[in-house]
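The structure appears right after this line, and notes come after that.
These numbers come from the heavy atoms of this one structure, side chains and all, not from hydrogens, waters or symmetry mates. Residue numbering restarts at 1 for every chain, and letters A, B, ... go by the order of the sequence lines.
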Amino acid sequence: MTIGVPHYLIVSGILLACGLFTVVTRRNAVAILMGIELILNAAILNLVAFSRLVTGAVGGQVFALFGIVLAAAEAVVALAIVLQLYRAFRSVDTTETTELKE
Amino acid sequence: MTTSLAGAVVFYALAALAVAGAAWVAFARNIVHSAFALLATFFGVAGLYAFLSADLVAVIQLLVYVGGILILILFAVMLTSRISEVKVSNRSAGFGLGLLVLLGTIGVMAAVALRVPWGKAPPATPEPMAPGVGDALLGPYVLPFEVVSVLLLAALIGAVTLARGRKRIAASGTPGAAAPDPVPERKTKDEERKTPDGEVQP
């Protein structure tokens with residue numbers, strides 16, 4: 001039995017699809033952020049799988065670490081923005097908060 | 001690369017954990033359930049990293065995602081949603097379109113994954129990869145490493161500045177009346193917000 005690149009790619013494809021579904025269908029800004037985290041996880045899983053099973057070098061893992069750090073920075077700033085959004089509009093529904101100005 | 005039966009069972013268990021968590025994130029009605037399902041996905045993906053013998057990436061995934069980002073998301077959920085009203089906390093829109101996107105993405109990704117001849121797998125001897133990654137981070141990748149630390153500092157300052165709350169928003173449009181910061185206890189949460197950033201940097 002062989003666990004190869006396609007197995008990891010299919011798992012990461014399903015993660016990507018679930019993330020896209022979450023981003024498309026949800027109205028809650030925090031839930032949309034969860035979908036983005038799923039998409040980032042799918043991409044990083046691809047990087048690590050290629051690094052191990054195709055090239056055999058550590059470059060993919062280094063790139064994966066950078067990706068995780070960028071995801072953390074993105075989540076922190078985005079959630080701060082969501083907090084401000086809630087403070088201004090008393091809602092995080094993305095169909096209601098359509099103005100930059102109060 | 002041939003995998004033993006036990007290895008295959010472990011892989012499929014981890015993959016099922018990750019996929020089930022992701023599906024639950026996508027389909028749960030309650031946003032708190034979505035947040036906890038995200039935990040299962042992160043654990044499953046961390047296990048897959050360990051299965052790929054990417055030990056450092058697996059540990060960093062647990063530290064940053066489970067210890068940092070998930071806690072942040074839970075804080076944001078608790079601070080922003082009216083949790084008691086489950087129905088409004090996570091309404092969804094455009095279910096048919098979303099389903100189309102879901103199935104289309106899975107179809108395209110599976111077709112690509114199965115048809116493209118991926119390269120020959122190198123001999124798979126499980127070995128610790130952390131020393132190699134560390135050497136690479138401080139060798140050829142030292143410039144991006146330093147730039148990332150500057151980025152983390154910028155994100156930290158930006159998050160604190162954004163979440164602190166500006167006086168204009170608190171006073172709702174009266175420019176002269178600079179009201180004092182209305183909720184001082186939010187500052188303590190901003191302090192906790194810093195810690196996941198600190199953990200990221202090795």
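For A:T25 against B:G98, the heavy-atom pair with the smallest separation is CG2-CA, 3.8 Å. Residues B:A113 and A:L9 come closest through the heavy atom pair CB-CB, 3.6 Å. Contact between B:I69 and A:A75 at its shortest, heavy atoms only, is CG2-CB, 4.0 Å.
Residue B:T105 holds its OG1 atom at 12.0 Å from CG of A:L15, rounded to the nearest 0.5 Å. Taking CZ of A:R87 as the reference point, atom CG of B:L79 lies at 8.5 Å (rounded to 0.5 Å). Rounded to the nearest 0.5 Å, atoms CG (B:L52) and CD (A:Q61) are 8.5 Å apart. Between atom CE of residue A:M34 and atom OG1 of residue B:T41 there is a gap of 11.0 Å, rounded to the nearest 0.5 Å. Atom SG in A:C18 sits 14.0 Å away from atom CH2 in B:W24 (nearest 0.5 Å). In this structure, the separation between CG on A:N28 and CD1 on B:I31 is 3.5 Å, given to the nearest 0.5 Å.
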### Query
A:V76 and B:L156: side chain to side chain contact (heavy atoms under 4.5 Å, CB included), yes or no, with the steps?
CA-CA 8 Å; A:V76 167; B:L156 194 148; over 6 Å; no
### Task
Output, in order, the C-alpha distance, side-chain angles, deciding distance and verdict of side chain to side chain contact (heavy atoms under 4.5 Å, CB included) for A:V48 and B:L48.
CA-CA 9 Å; A:V48 176; B:L48 286 180; over 6 Å; no
### Query
Can you list the steps and then say if B:V57 with A:I68 is a side chain to side chain contact (heavy atoms under 4.5 Å, CB included)?
CA-CA 9 Å; B:V57 183; A:I68 290 176; 4.1 Å; yes
### Query
What do the steps show when you test A:N41 against B:Y65 for side chain to side chain contact (heavy atoms under 4.5 Å, CB included), and what is the final call?
CA-CA 10 Å; A:N41 252 292; B:Y65 271 103; 3.6 Å; yes
### Residues A:Y8, B:F11; criterion ring pair (Phe, Tyr, Trp, His ring centres under 6.0 Å); working and verdict
CA-CA 10 Å; A:Y8 291 98; B:F11 171 82; 5.0 Å; yes
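Looking at A:A42, neither its backbone nor its side chain comes within 4.5 Å of chain B, counting heavy atoms on both sides. For B:A35, the parts lying under 4.5 angstrom from a heavy atom of chain A are both the backbone and the side chain. Contacts between B:I106 and chain A at a heavy-atom distance below 4.5 Å involve backbone atoms as well as side-chain atoms. With a 4.5 angstrom heavy-atom cutoff, A:A78 does not touch chain B via any of its atoms. Both the backbone and the side chain of B:P144 come within less than 4.5 Å of a heavy atom in chain A. Heavy atoms closer than 4.5 Å to chain B are found in the side chain of A:L65, but not in its backbone.
Each of B:L97, B:L102, B:L100 was compared with A:V24 under the side-chain contact (heavy atoms from CB on, under 4.5 Å) criterion, and only B:L97 meets it.
Heavy-atom pairs under 4.5 Å with chain B were tallied for A:V82, A:L38, A:V11; the largest tally goes to A:L38. Among A:I44, A:I81, A:L85, the residue making the largest number of heavy-atom pairs under 4.5 Å with chain B is A:I44. Ranked by heavy-atom pairs under 4.5 Å with chain B, the first of A:V23, A:L45, A:L20 is A:L45. Comparing B:V101, B:I73, B:L103 by how many heavy-atom pairs each has under 4.5 Å with chain A, the most go to B:I73.
Looking at A:I10 and B:L114, their side chains come closer than 4.5 Å, going by heavy atoms from C-beta outward. Contact annotation: the side chain of A:L83 never approaches that of B:R164 to less than 4.5 Å [non-hydrogen atoms, C-beta and beyond]. A:V58 is not listed as a side-chain neighbour of B:D135, based on a closest heavy-atom distance of 4.5 Å or more. A 4.5 Å side-chain heavy-atom check between B:L70 and A:E37 finds every atom pair outside the cut-off.
Here the side chain of A:R26 pairs a donor or acceptor atom with the backbone of B:A26 at under 3.5 angstrom. A donor-acceptor contact shorter than 3.5 Å is absent between the side chain of A:R52 and the backbone of B:Y49.
Aromatic pair B:Y141/A:F63: ring centres not closer than 6.0 Å.
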